[in-house]
2 protein chains.
Amino acid sequence: MGISEAEAAVMEVLWRGAPRSAEEILEAVGADRDWREGTVKSLLNRLLKKKAIRAERDGRRYLYTPLIAREAYVSQESKGLLDRLFDGRVAPLVAHFSEQRKLSRRDIAELKRLIEELDDERG
Amino acid sequence: MGISEAEAAVMEVLWRGAPRSAEEILEAVGADRDWREGTVKSLLNRLLKKKAIRAERDGRRYLYTPLIAREAYVSQESKGLLDRLFDGRVAPLVAHFSEQRKLSRRDIAELKRLIEELDDERG
DNA sequence: GAACTCCATTTACACGTGTAAACGATGATT
DNA sequence: AATCATCGTTTACACGTGTAAATGGAGTTC
């Protein structure tokens, strides 16, 4: 079905730069995930099966490239959360973070600008 | 580990009103999940094991009550998404929805009010 | 008290996921 | 040519999850 958590870590690397070999991917995930090469290979094969990436031969090895855009993935995940927990609306989500004191000064400033823009557009 | 998707559906019912029996829960999830009674029982037992709910005897059956608050669950899920996809910051998340044209007029109005409040508080 | 009815508890089973080891093929080295 | 190194491919295996069926035990009814 969807892209799993571990698979997403691989995708993140490829979104940061592609095409890349399995070895490069392993190096790029690096510290946070203490993976063996075999683990990365398995994940790549599962992603291939899911058509989330494609492979092109480069000599004896393969280079991998994302087929789905990060934007699409982010959209799907975000909408999922929003629908499951906030009745599909954004304002309650932000209200939640606000109540939890999870809005940084910077967040507030940026949100303010963002809303002003939208407000103007709507004019 | 965490509360799974199906388990969350049961929790939602209990958050809406508790304590409730397995049968009442089954009835309350109703249409969207076409579950047998056994399914609900399994989920309840897993939730008990995870200390997410507790059971109290009521005659021959049990009544179930949440032990973790919906707020806590929502926080965890939301923070998870934010950290994984938006570098832990709220503004980029809202920007994402904005770019996807997923902000309703109502969302915008509410966000505006929210931000104004925060801005005032901060002085 | 034998049979029935309701619950709960136990067991099941396939599929996805995280995490690799084992095996195999193909090109490089002696 | 025989061996070594380097990839990819196949197989593995435990644990969580979704989804229940089977079993068991305690009241309830003939």
Side-chain angles (χ1 to χ4, degrees), chain A residues 1-14 18-65 68 73 76-77 80-81 84-85, chain B residues 1-14 18-65 68 73 76-77 80-81 84-85:
Chain A
M1 177 81 57
I3 289 174
S4 80
E5 215 274 324
E7 287 161 5
V10 170
M11 292 301 288
E12 289 289 355
V13 169
L14 290 176
R20 296 201 210 218
S21 69
E23 197 189 11
E24 289 164 342
I25 292 167
L26 176 57
E27 191 197 347
V29 296
D32 20 340
R33 311 267 176 167
D34 188 18
W35 281 338
R36 303 299 104 224
E37 184 109 13
T39 303
V40 174
K41 300 280 181 62
S42 287
L43 294 172
L44 286 169
N45 281 318
R46 287 174 188 172
L47 287 167
L48 282 169
K49 199 159 296 172
K50 292 178 184 182
K51 311 271 193 201
I53 62 176
R54 69 181 172 73
E56 92 208 69
R57 198 124 220 166
D58 172 50
R60 39 168 37 289
R61 63 190 188 165
Y62 283 111
L63 298 181
Y64 301 90
T65 308
I68 75 167
Y73 174 70
Q76 181 161 309
E77 295 288 302
L81 183 97
R84 280 189 304 114
L85 300 182
Chain B
M1 174 89 45
I3 289 174
S4 79
E5 215 274 325
E7 287 161 6
V10 170
M11 292 303 288
E12 288 290 354
V13 169
L14 290 176
R20 295 200 211 220
S21 68
E23 197 188 11
E24 287 164 343
I25 292 167
L26 176 57
E27 192 197 348
V29 295
D32 19 340
R33 312 266 174 169
D34 188 19
W35 281 338
R36 303 299 105 225
E37 183 110 13
T39 302
V40 174
K41 299 279 180 64
S42 287
L43 293 173
L44 285 169
N45 281 318
R46 288 174 187 172
L47 286 167
L48 281 170
K49 199 159 299 174
K50 292 178 185 181
K51 311 273 193 200
I53 62 176
R54 69 182 172 73
E56 91 207 69
R57 197 122 223 168
D58 171 50
R60 40 172 32 294
R61 64 191 187 165
Y62 283 109
L63 298 182
Y64 301 90
T65 308
I68 75 168
Y73 174 71
Q76 180 161 309
E77 295 287 303
L81 183 97
R84 279 189 303 114
L85 300 182

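Below, chain A is the first sequence line, B the second, and so on; all start at residue 1. Computation of the quantities below employed the complete heavy-atom set of this structure, encompassing side-chain atoms and omitting hydrogens, waters and symmetry-equivalent molecules.
Under the 4.5 Å side-chain criterion, counting only non-hydrogen atoms from C-beta, B:L85 is in contact with A:E12. Using a 4.5 Å heavy-atom cutoff, the side chains of B:I53 and B:L48 are in contact.
With rounding to whole Å, A:D32 atom CG is found 16 Å from C:dG18 atom C1'. Nucleotide C:dA8 holds its P atom 9 Å from the CG atom of B:L44, rounded to whole Å. Between A:E24 atom CD and D:dC7 atom P the separation is 11 Å, expressed in whole Å. Whole-Å rounding puts the B:E37 CD to C:dA8 C1' distance at 10 Å. Counting to the nearest Å, the C1' atom of D:dG18 and the CD1 atom of B:I3 are 16 Å from each other. We find that CD of B:E23 is positioned 13 Å from C1' of C:dA8, with the value rounded to whole Å. Rounded to an integer number of Å, the gap from B:L63 CG to C:dC7 P is 12 Å. Atoms CE (A:M1) and P (C:dT17) sit 9 Å apart, rounded to a whole Å.
For D:dG18, neither phosphate oxygen OP1 nor OP2 lies less than 4.0 angstrom from any side-chain nitrogen or oxygen of B:W35.
Nearest nucleotide to the side chain of A:Y62, out of C:dG18, D:dG8, D:dT19: D:dG8. Of the listed nucleotides (C:dG18, D:dG27, C:dA8), C:dA8 has the atom at the smallest distance from the side chain of B:Y64. Side-chain proximity of A:S4 to C:dT19, C:dG18, D:dG8: nearest is C:dG18. For B:K41, whose side chain is taken as the heavy atoms from C-beta onward, the closest listed nucleotide among D:dT17, C:dC7, D:dT10 is C:dC7. Of the candidate nucleotides C:dG18, C:dA8, D:dG27, C:dG18 has the atom lying nearest to any side-chain atom of A:E5.
With DNA chain C read from its 5' end, the first of the two nearest nucleotides for A:A6 and A:R60 is the one closest to A:A6. Of the two residues contacting DNA chain C, namely A:S42 and B:R61, the nearest-nucleotide position lying further toward the 5' end is that of B:R61.
Residue-level contact check: A:K49 touches neither bases nor backbone, having no heavy atom under 4.0 Å from any strand. Note on A:D58: nothing from the nucleic acid sits closer than 4.0 angstrom, heavy atoms only.
Applying the 3.5 Å distance criterion, the base of D:dT19 shares no donor-acceptor pair with the side chain of B:R36. Not a single donor-acceptor contact under 3.5 angstrom links the side-chain atoms of B:R33 to the base of D:dG18.
For the pair B:A6 and B:W35, the tightest heavy-atom approach, listed with the atom from each and the gap, is O-CH2, 3.6 Å.
In this structure, A:R57 forms a cation-pi arrangement with A:Y62, its terminal cationic atom sitting closer than 6.0 Å to the ring centre and no more than 45° off the ring axis.
Taking a cutoff of 4.0 Å between a charged side-chain nitrogen and a carboxylate oxygen, A:R33 and A:E5 qualify as a salt bridge.
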